[in-house]
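All ligand and atom numbering here is 1-based and tracks the order in the structure.
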Amino acid sequence: MLVDSVAAVLDEAEQLRQRGEFGVAIDRLTAANRASLDARIECKLVDVRLEAAAAARRPDVPVQRSAIAPEGDGGEIVEVDPDDMTVEALRSGWARSGCLLVRGLVPPDRAAQLIGGIDSALAAFDACDAGESFDPGWYTARPIRDRIGSGPAIHRINRGIGALWTVFSPRMVCMLFDAIEALGVGQLMTEFLGERPFLSANKCTLRRVPPADLFTGWHQDGAFLGDRIGSVNVWMSLTPCGVDSPGLDLVPKRFDGVLDSGGDGAVFRWSLSDEAVADAAGSASIVRPQFGAGDVLLFDHRLVHRTASSGAMTRDRYAIESWFFAPSAYPDDQVPLFF
Ligand SMILES: O=C(O)CCC(=O)C(=O)O
């Protein structure tokens, strides 16, 4: 886009932002960026999205939604085709197996685009780290507090395991939101939660997980998010995983609440020991699903899971973990990003 046009778009967005017209500002910036990608617009979009969510008035009373109670003892992950991804299917999948697997939801061209984006974002991080030039559309860090507890502001990246907060890659935020909308997941979450969710800036993570024996722990995200929240994690597997590249281990079962974490054998204070997971699983044995490229697993903060890894694996796994929360039942320590 011409320099003058970018300046005009940014100027207009700034005026809209100052008037509190965040939604219009986001629409204008998004349209301009779709017409021609520009890092200044993408960075501005992140600023406006953070401010819009922070300024949004949270309802005093949470939007009413009926709790999902366990149906049966679990056992097999409930799967549907993309055309059958409805709120009813989501509720039923979560009640019966704690999650819903939508096979092939992300088409191959979009998966390839997101994989390329993860590579570019990590490469831009590396270049920044090495003091080399890089495209700020792919990587622009900002001081955002850690996702667990309200500790000091840090720049969250765990480069060793190929993890980078999506919010640090303004272009990936645009690509992810485009995908979530185009795949129908935005509408699904809004119907399910009864309100359009915000994305957590300090939890949504781009992942290029290396094949190695990783030090990860069984957990329910509710152990650090709390249980009185409305959550949907859209976990997109962009490359096949679960056999020769790291996938997820999980207990395909709905839990009534958040289990007691920590204690003997737990890796972190918010994680669960192998024994605690075996006890909780009961007759539902632990599974390591084989995900295909483009499969999406939808779950909430009660699913018991961990990264599935082993030293015998040979390939990287690309995925995006995107935690969305209902504005009226939003976890305290998560930084909201307007979606
Ligand atoms: O992608 C992974 O390996 C971990 C994902 C996870 O723990 C989550 O999405 O909550």
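- Atoms of ligand 1 found under 4.0 Å from any heavy atom of Thr307, numbered from 1 in the order shown, are 2 (C), 3 (O), 4 (C).
- Shown in contact with His219 at under 4.0 Å from a heavy atom are these atoms of ligand 1, numbered in order with element: 7 (O).
- Residue-to-ligand polar distances keep Lys203 apart from ligand 1: every N/O pair is separated by 3.5 Å or more.
- Those atoms of ligand 1 with a heavy atom of Glu321 less than 4.0 angstrom away are 5 (C), 6 (C), 8 (C), 9 (O), 10 (O).
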Could you list the donor-acceptor pairs under 3.5 angstrom formed by side chains in residues 256-263, with sequence neighbours left out?
residue	atom	partner	partner atom	Å
Ser261	OG	Arg269	O	3.1

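- The nearest heavy-atom contact from the protein to atom 9 (O) of ligand 1 is Asn233 ND2, 2.9 Å.
- Shown here are the side-chain contact (heavy atoms from CB on, under 4.5 Å) partners of Gln18, two or more places apart in sequence or in another chain: Glu14.
- At a 4.0 Å cut-off, not a single heavy atom of Arg306 sits close enough to ligand 1 to count as contact.
- By the 6.0 Å contact criterion, CG on Asp73 is open, its count of non-hydrogen atoms from other residues, nucleotides or ligands being 12 or less.
- Taking 4.5 Å as the limit, every side-chain heavy atom of Met175 sits out of range of all side-chain heavy atoms of Thr166.
- Residue-level proximity to ligand 1 for Leu248 is carried by the side chain, the only part with a heavy atom below 4.0 angstrom.
- A cation-pi arrangement is present between Arg196 and Phe339 under the rule of less than 6.0 angstrom and at most 45 degrees off the ring axis.
- Ring geometry for Tyr330 versus Phe325: interplanar angle over 60°, hence perpendicular rather than tilted (30 to 60°).
- Residues Ser237 and Val296 are not in side-chain contact: their nearest non-hydrogen atoms beyond the backbone lie 4.5 Å or more apart.
- Heavy atoms of Arg317 found under 4.0 angstrom from ligand 1 belong exclusively to the side chain.
- For ligand 1, the atoms closer than 4.0 angstrom to any heavy atom of Asp221 are 10 (O).
- Shortest contact from atom 6 (C) of ligand 1 to any protein heavy atom: His305 NE2, 3.5 Å.
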